[in-house]
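Let me begin by presenting the structure, written as structure tokens, before commenting on it.
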Amino acid sequence: MSSPNRSPNLETYPDWRDLPTVLLAAIAKRFTSIHEYLPFRGVCSSWRSAATFDNFDRALPRAPWLMYVTEEKAKKGDEIGEEEEEKGVAIGEEEEKKGDGIEGDVKRVANFLDMSNNKTYKIIDFASADEKLYLSWGGWILCVSEEIGAVNLTHPVWRTVIDLPGLDTFPEYIQENDDPLDTLHEYTHENDENGSRYISKMVLSGSPTIKCDLVVMVIWGKKHQLGFSRPGDSSWSVMGTWDGSFSDILYHNRRLYAVDSTRRVVECDIHGPNPSQIQQVFSLPNVDDRFASFDKICYLVESFGKFLIARRHFAYRNTLSFDIVEIDLKDGSHKEIRHLWNKSLFLGFNASLCLHLSAWNVVKLKPNCIYFTDHFGQCVDSDMGVFCVQNMRMRGLPGGFSCSSLTPPIWVVPSF
């Protein structure tokens with residue numbers, strides 16, 4: 001019998017690096033959380049080769065995280081949560097983790113609040129100081145610099161950056177302005193209805209991590225028209241003009257859909273021979289509108305094969321209520337929705353999202369609700385909260401969340 005004080009014979013321990021790739025891939029596919037997947041990927045090179053983008057189940061529904069940006073002064077010996085994949089740290093370490101920060105050093109920090117467990121993950125120096133406009137689709141974030149007009153697509157975990165054409169390549173700058181960036185600076189400081197954003201919405205045709213015809217589609221400009229580009233393009237392409245202002249876009253079944261402020265819906269075959277051509281596919285009939293006196297913004301949401309138009313009503317930049325209609329693009333019919341049952345909507349400057357919550361035990365997220373973030377770019381006293389569709393009551397975000405963010409918070413799905 002061996003002595004309990006005897007050192008273990010390391011030669012008898014298995015070398016976990018030599019596990020079969022098939023087995024490692026099978027293990028990787030069982031992870032449902034991105035902050036569990038990354039530590040697995042960071043163990044060694046053989047495990048990392050098995051933990052690929054393809055082996056992460058993107059189709060699995062995930063509760064979105066709330067991203068907000070702050071500036072924080074480092075304390076002596078304190079570095080807040082920088083993302084370190086090789087060491088297995090997911091999305092940055094949690095708040096209490098310590099590192100090697102320099103005392104008094106001010107850092108721009110992207111905070112990601114996971115409302116399912118009330119944990120916040122942080123990434124230091126996520127973007128340069130002048131990048132104050134963020135939009136999201138899934139786990140990908142569009143960063144727009146209001147100082148130099150640069151636009152790029154990035155992922156907060158992988159730190160991959162995909163450069164896109166600058167704002168000064170939109171036609172109205174080319175045609176009308178001697179100095180496009182001067183006009184951009186003036187525009188981004190106006191108080192327009194889309195929160196002083198030259199690009200107010202963004203969707204992708206798919207994840208940049210998979211091989212596909214990647215198209216970045218946006219709502220742009222003072223008139224809120226449609227445009228698109230692909231990585232490598234020298235300029236943004238604009239789509240057919242419209243007599244209204246678009247407020248939201250949706251990519252579904254290889255087509256782009258957009259809704260305007262009067263709840264008209266247009267369609268575009270973005271991958272077809274005429275990607276700039278749009279046509280109207282739905283118009284809501286004129287009806288008595290109990291919200292006629294309020295300012296409003298419309299969101300277009302795909303809900304398990306059905307299209308919803310959620311309309312948000314404001315007074316003095318504060319959200320008062322929502323109403324929802326389900327529309328049928330085939331026959332032009334519609335019906336008012338007064339109950340989302342076990343689903344909830346997440347709305348803001350992100351791609352509008354509908355999630356089925358009954359599949360998880362997510363205590364802090366409630367079904368039959370609309371979770372919304374600020375629309376007007378108010379970084380202090382932001383207009384955020386939760387609207388219950390059934391009783392039409394408003395409440396604050398879970399945990400009494402509030403922040404003074406450098407940019408309006410957005411919803412980000414923790415996926416690739």
* To do: Please report the C-alpha distance between Tyr121 and Trp65 in whole Å, then the side-chain angles of each, then the deciding distance to 0.1 Å, and finally whether the ring-ring contact (aromatic ring centres under 6.0 Å, His included) criterion is met.
  => CA-CA 10 Å; Tyr121 302 91; Trp65 293 358; 5.4 Å; yes
* Asked: Heavy-atom distance under 4.5 Å between the side chains of His375 and Ile297, does that happen here?
  -> yes
* Asked: Are the side chains of Leu250 and Val301 in touch, meaning some heavy atoms are under 4.5 Å apart?
  -> no
* Asked: Can you find a heavy atom in the side chain of Asp248 that is under 4.5 Å from one in the side chain of Leu347?
  -> no
* Would a distance-only check, ignoring hydrogens and angles, find a side-chain to backbone donor-acceptor pair under 3.5 Å from Asn350 to Phe346? -> yes
* Distance in Å, Ser247 OG paired with Leu300 CG, rounded so as to fall on 0.5 Å steps -> 8.5 Å
* Spacing of CG belonging to Leu355 relative to CH2 belonging to Trp411, to within rounding of 0.5 Å -> 10.5 Å
* Asked: Can you tell me if Thr120 and Asn111 form a side-chain donor-acceptor pair at under 3.5 Å?
  -> no
* Structure fact -> The reported gap from CG in Leu226 to CH2 in Trp236 (rounded to nearest 0.5 angstrom) is 12.0 Å
* Heavy-atom side-chain contact between Val386 and Leu397 under 4.5 Å -> yes
* Lys223 and Asp243 ion-paired at < 4.0 Å -> no
* **Whether Tyr198 and Trp220 hold their rings parallel, tilted or perpendicular, with breakpoints at 30° and 60°** => tilted
* **Asp269 side chain to Gly272 backbone, donor-acceptor under 3.5 Å** => yes
* **Gln280, CD: over 12 other non-hydrogen atoms inside 6.0 angstrom** => yes
* Worked check of side-chain contact (heavy atoms from CB on, under 4.5 Å) between Phe387 and Ser321 -> CA-CA 7 Å; Phe387 176 79; Ser321 184; 3.8 Å; yes
* Asked: So, do Val109 and Ile123 sit near enough that their side-chain heavy atoms are less than 4.5 Å apart?
  -> no
* Asked: Given the rule in the side-chain contact (heavy atoms from CB on, under 4.5 Å) test, do Ile141 and Leu153 qualify, once you have shown the distances and angles that lead to the verdict?
  -> CA-CA 6 Å; Ile141 298 171; Leu153 194 64; over 6 Å; no
* Asked: Given Arg230 and Asp213, is the side-chain contact (heavy atoms from CB on, under 4.5 Å) satisfied, shown in steps?
  -> CA-CA 8 Å; Arg230 290 175 170 86; Asp213 178 20; 2.8 Å; yes
* Asked: Which heavy atom of His339 sits nearest a heavy atom of Val389, and at what distance?
  -> N-CG1, 3.9 Å
* Would you check if there is a donor-acceptor pair between the side chains of His313 and Asp295 at a distance under 3.5 Å? => no
* Check: Leu164 and Val216 side chains under 4.5 Å, non-hydrogen atoms -> yes
* Between Lys343 and Leu345, is any pair of side-chain heavy atoms under 4.5 Å apart? -> no
* Evaluate the side-chain hydrogen bond (donor to acceptor under 3.5 Å, both in side chains) criterion for residues Asp328 and His334: first the C-alpha distance (whole Å), next the side-chain angles of each, then the deciding distance (0.1 Å), finally the verdict. => CA-CA 6 Å; Asp328 191 321; His334 73 281; over 6 Å; no
* **Sidechain-backbone polar pair: Ser303 side chain, Lys306 backbone, donor-acceptor under 3.5 Å** => no
* To do: Could you tell me which non-hydrogen atom of Gly227 sits nearest to which non-hydrogen atom of Met239, and how far apart they are?
  => N-SD, 4.0 Å
* Can a donor-acceptor pair be found between the side chains of Thr154 and Asn152 at a distance below 3.5 Å? -> no
* Structure fact -> Nearest heavy-atom contact between Gly240 and Ile278 is O-CD1, 3.3 Å
* Asked: Counting distance only, does the side-chain N/O of Ser344 pair as donor-acceptor with the main-chain N or O of Cys369 below 3.5 Å?
  -> yes
* List the atom of Leu320, the atom of Ala315, and the distance in Å for their closest heavy-atom pair. => CD1-CB, 3.5 Å
* To do: Using a strict cut-off of less than 4.0 Å between a Lys/Arg side-chain nitrogen and an Asp/Glu carboxylate oxygen, indicate whether Lys119 and Asp114 qualify as a salt bridge.
  => no
* Structure fact -> Output for pair (Thr262 OG1, Leu284 CG), nearest 0.5 Å, gives 9.0 Å
* Structure fact -> Here the pair of heavy atoms bringing Ser46 nearest to Leu24 is O-CD1, 3.9 Å
* So do Trp140 and Thr209 actually touch side chain to side chain, heavy atoms under 4.5 Å? -> yes
* Rounded distance [0.5 Å steps], CE in Met202 versus CD1 in Ile249 -> 8.5 Å
* Given His356 and Asn342, is the side-chain contact (heavy atoms from CB on, under 4.5 Å) satisfied, shown in steps? -> CA-CA 6 Å; His356 197 294; Asn342 48 19; 3.2 Å; yes
* Is it true that Phe307 and Tyr257 have ring centroids separated by less than 6.0 Å? -> yes
* **Any donor-acceptor N/O pair, Glu302 side chain to Leu353 backbone, under 3.5 Å** => no
* Taking the six-membered ring for Trp, are Phe322 and Tyr299 parallel (under 30°), tilted (30 to 60°) or perpendicular (over 60°)? -> tilted
* Lys122 side-chain N/O to Phe112 backbone N/O, donor-acceptor pair under 3.5 Å -> no
* Structure fact -> The residue among Arg263, Arg338, Arg312 that forms salt bridge (Lys or Arg N to Asp or Glu O under 4.0 Å) with Asp323 is Arg263
* To do: Over all heavy atoms of both residues, which pair between Met67 and Ala110 is shortest? Give the atoms and the distance, please.
  => CE-CB, 4.4 Å
* Please check if any side-chain donor atom of Asp260 sits under 3.5 Å from a side-chain acceptor atom of Trp242, or the reverse. => yes
* To do: Quick one: pull up CD1 in Ile410 and CG in Asp374 and give me the separation to the nearest 0.5 Å.
  => 12.5 Å
